[in-house]
Protein chains: 2
Amino acid sequence: MRPTVHDIAAEAGVSLATVDRVLNNRPGVRSVTRNRVERAIATLGYVRDVAAANLAKSRSYPLVFILPSGENAFMRGLESELRFAMSRSAAERLDITILSVPAFDAPALAAALLDARKRRPAGVAVVAVEAPEVTEAVKRLCEDGVSVVTLVSDLPGSGRDHFAGVDNVAAGRTAGSLLGRFLGGREGPVAVLAGSMLVRDHRDRLEGFRAVTSEDFASRQVLPVIEGQDNPLLVEKLVGALLERNPDLAGIYSLGAGNRGLIAALEKAGRAKSVCTIAHELTPHSRAALLSGTIDALLNQNAGHEVRSAIRVLKAKADGLPVIAAQERIRIDIFLKDNLPLEQE
Amino acid sequence: MRPTVHDIAAEAGVSLATVDRVLNNRPGVRSVTRNRVERAIATLGYVRDVAAANLAKSRSYPLVFILPSGENAFMRGLESELRFAMSRSAAERLDITILSVPAFDAPALAAALLDARKRRPAGVAVVAVEAPEVTEAVKRLCEDGVSVVTLVSDLPGSGRDHFAGVDNVAAGRTAGSLLGRFLGGREGPVAVLAGSMLVRDHRDRLEGFRAVTSEDFASRQVLPVIEGQDNPLLVEKLVGALLERNPDLAGIYSLGAGNRGLIAALEKAGRAKSVCTIAHELTPHSRAALLSGTIDALLNQNAGHEVRSAIRVLKAKADGLPVIAAQERIRIDIFLKDNLPLEQE
DNA sequence: CTGTTAGCGCCTTCAC
DNA sequence: GTGAAGGCGCTAACAG
């Protein structure tokens with residue numbers, strides 16, 4: 001049987017309350033007594049039963065999640081994963097609030113962070129936009145002792161506790177490597193389609209893509225980046241023009257969202273099969289395009305994992321517990337038509 | 001505040017004990033009373049606090065894990081992940097026993113399953129070898145009400161509750177697709193190196209590889225399968241001979257273990273760069289070979305995830321709880337040199 | 001500074 | 001059939 005507080009109390013010859021004070025290092029214990037208790041803890045190999053402690057404290061974990069609104073399929077998937085987690089949150093003593101802000105809107109995001117702060121949560125998870133006012137707002141939260149996890153897109157220099165997302169430089173490198181190898185000796189330039197250079201994840205992917213292309217496929221020309229604002233209609237227009245301008249285009253790397261527009265443009269131009277296309281995020285549209293051959297490979301971040309990881313980390317931080325880095329690393333999924341999971345996740 | 005058993009008791013006008021009987025549908029309650037309690041539960045939206053219940057029951061989860069012994073790096077990694085999970089098992093009320101059996105040894109495995117059965121665990125996780133006596137032993141366990149999870153290699157038809165491993169047919173398909181696309185128009189046959197056709201995962205990978213090769217790369221010749229028993233020395237000998245026999249070999253798919261031998265043979269023959277190689281499992285050796293370019297792509301199953309998933313599922317089954325399928329799906333990681341995680345997991 | 005006491009939400013004897 | 005009482009391991013008031 002595992003030792004309990006009673007065993008320690010007996011071993012150290014003190015009362016339960018004193019043991020508790022030592023365990024939670026609260027003041028009001030002479031150092032002699034404290035030492036005796038600590039020795040007892042060590043010799044008995046005591047480990048606190050967190051479940052029982054939480055029960056006694058009737059502890060709960062108020063968390064705030066800040067997500068971009070809009071029709072971005074990936075973000076909506078993220079939100080639905082979050083709502084699913086909330087539905088089973090009763091058992092986990094979670095109390096989650098969702099705040100919505102327009103995408104790529106730094107002032108709105110900063111305001112939401114202030115709003116979150118007023119609610120005095122144990123932790124905040126936020127899909128970050130990189131801007132000084134956002135960084136400032138996150139810093140303030142951290143100073144208040146609220147743990148902050150950035151989700152999907154990071155915010156370096158803000159002092160956030162953790163980033164729940166993929167290594168986007170590596171993702172860009174991987175895309176570049178795959179595109180280069182898939183194209184083999186084929187001639188023609190490649191294009192990069194981004195959402196906005198305001199978000200860190202898009203910038204990182206671009207950097208990785210460019211690095212690997214110049215290292216390993218130096219002869220391949222990379223056309224200037226197109227920014228589609230993750231907006232399918234705009235993307236369709238821009239890619240349509242791109243295809244007209246470049247009849248010899250060999251490949252496209254779409255590192256942001258708005259894939260619906262990309263797919264439409266490729267198919268309308270009859271170039272779906274001849275242009276090697278690599279895109280991000282598994283959504284109903286991109287899945288169909290992968291199966292039909294319009295998209296050749298898809299890089300994905302598992303929204304469910306990101307949400308669960310963010311929650312686990314926020315909880316651990318709230319309890320002052322360490323996080324298992326390996327478990328919280330969000331991997332880059334690479335999907336070909338051959339390893340697509342059966343169901344949409 | 002969430003409703004508790006007290007609230008239900010009050011609402012239904014009965015005592016705590018009766019509420020408890022209904023909750024755990026134990027006998028000794030008139031159906032009228034039972035109905036009243038159930039109505040109270042429904043109207044108050046009660047959900048039982050599992051943590052508190054476990055505390056009161058001082059419940060624990062005795063589990064048995066059966067792993068192959070030997071120097072297979074992947075299996076040793078799996079074991080170390082398991083030991084890590086055991087080290088933090090105190091908080092999770094887990095009581096895990098590890099049983100070791102020689103690899104590919106069906107009688108020994110069947111005996112271990114009987115041994116496990118005698119310990120009356122709540123659940124068993126086993127790396128299966130496909131053989132009638134093993135299937136039989138697993139069936140018996142299930143009949144005893146012990147939940148069984150197959151780990152890494154599945155055992156269809158045994159009635160196991162869950163498989164914690166990757167879709168190996170899809171893995172084989174993915175390998176075939178990557179190899180085909182990486183080779184492009186290059187001439188020459190490809191070889192397949194397996195461990196043993198006795199384990200389901202190897203057979204499944206081969207099936208997937210052959211399927212995609214004949215569908216999408218029909219002109220590519222696939223040489224007869226080589227079985228290296230996951231033994232590095234044997235593998236090195238066999239691959240050395242293979243390379244001599246086939247000076248025009250374009251690619252190798254290594255679907256089992258023993259990659260140390262494969263890498264050595266390729267490098268000794270000076271064919272490390274000229275033969276496109278796809279292998280399984282991230283280990284220190286395969287990682288180095290990926291970085292040096294001897295291996296072109298690595299398919300991996302995350303041992304840590306498999307172990308944690310097996311534990312979660314076994315625990316859920318023991319409590320009669322449903323499992324979240326999406327969360328427990330073990331994905332096929334695809335590693336290029338560009339998306340290799342920094343540290344060995 | 002230290003100890004006593006009464007719970008947290010649930011389960012389990014043992015009476016009635 | 002049903003209920004009352006005590007306890008799981010820990011924490012938090014309130015006394016001393």
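Source: prediction; values computed, not measured. Throughout, protein chains are lettered first and strands after them, A, B, ... in sequence-line order, and every chain is numbered starting at 1.
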Describe the nucleic acid contact of [X] in one word from base, sugar-phosphate, nothing, applying a heavy-atom distance below 4.0 Å.
X: A53(A); result: sugar-phosphate
X: S58(A); result: nothing
X: V14(A); result: sugar-phosphate
X: N54(A); result: nothing

Quickly work out the [X] [atom1] to [N] [atom2] distance and round it to whole Å.
X: D49(B); N: dC8(C); atom1: CG; atom2: C1'; answer: 9 Å
X: D20(A); N: dG3(C); atom1: CG; atom2: C1'; answer: 12 Å
X: N24(B); N: dC11(C); atom1: CG; atom2: P; answer: 5 Å
X: R48(B); N: dC8(C); atom1: CZ; atom2: C1'; answer: 17 Å

Indicate yes or no for a side-chain donor-acceptor contact from N24(A) to the backbone of D20(A) under 3.5 Å, with no hydrogens or angles considered.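 Pair found, side chain donor or acceptor close to backbone of D20(A).
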
Is there a residue in residues 30-46 of chain B whose heavy atoms reach under 4.0 Å of DNA chain D, and which residues are they?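 Residues of residues 30-46 of chain B under 4.0 Å from DNA chain D: R30(B), T33(B).
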
Is the number of heavy atoms from other residues, nucleotides or ligands within 6.0 Å of CZ (R2(B)) greater than 12?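 Yes.
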
First and last nucleotide of DNA chain D in contact with chain B, 5' to 3', at under 4.0 Å to a heavy atom: what are they?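 Listing 5' to 3', DNA chain D meets chain B from dG1(D) to dG9(D).
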
When you measure from the centre of the six-membered ring of Y61(A), is the NZ or CZ of R59(A) closer than 6.0 Å and no more than 45° off the axis?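 Positive - R59(A) is close enough to the ring of Y61(A) and near enough to its axis.
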
V64(B) side chain reached by R117(B) side chain, heavy atoms, under 4.5 Å: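 They are not in contact (no side-chain heavy atoms under 4.5 Å apart), so the answer is no.
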
Using a cut-off of strictly less than 4.0 Å, decide whether T18(A) has a side-chain nitrogen or oxygen near OP1 or OP2 of dG3(C).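 Checking T18(A) against dG3(C): at least one side-chain N or O falls below 4.0 Å of OP1 or OP2.
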
Angle, rounded to 10°, between the helical axes spanning five pairs at each terminus of the helix from dC1(C)-dG16(D) to dC16(C)-dG1(D)?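 Both end axes considered, the difference amounts to 40°.
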
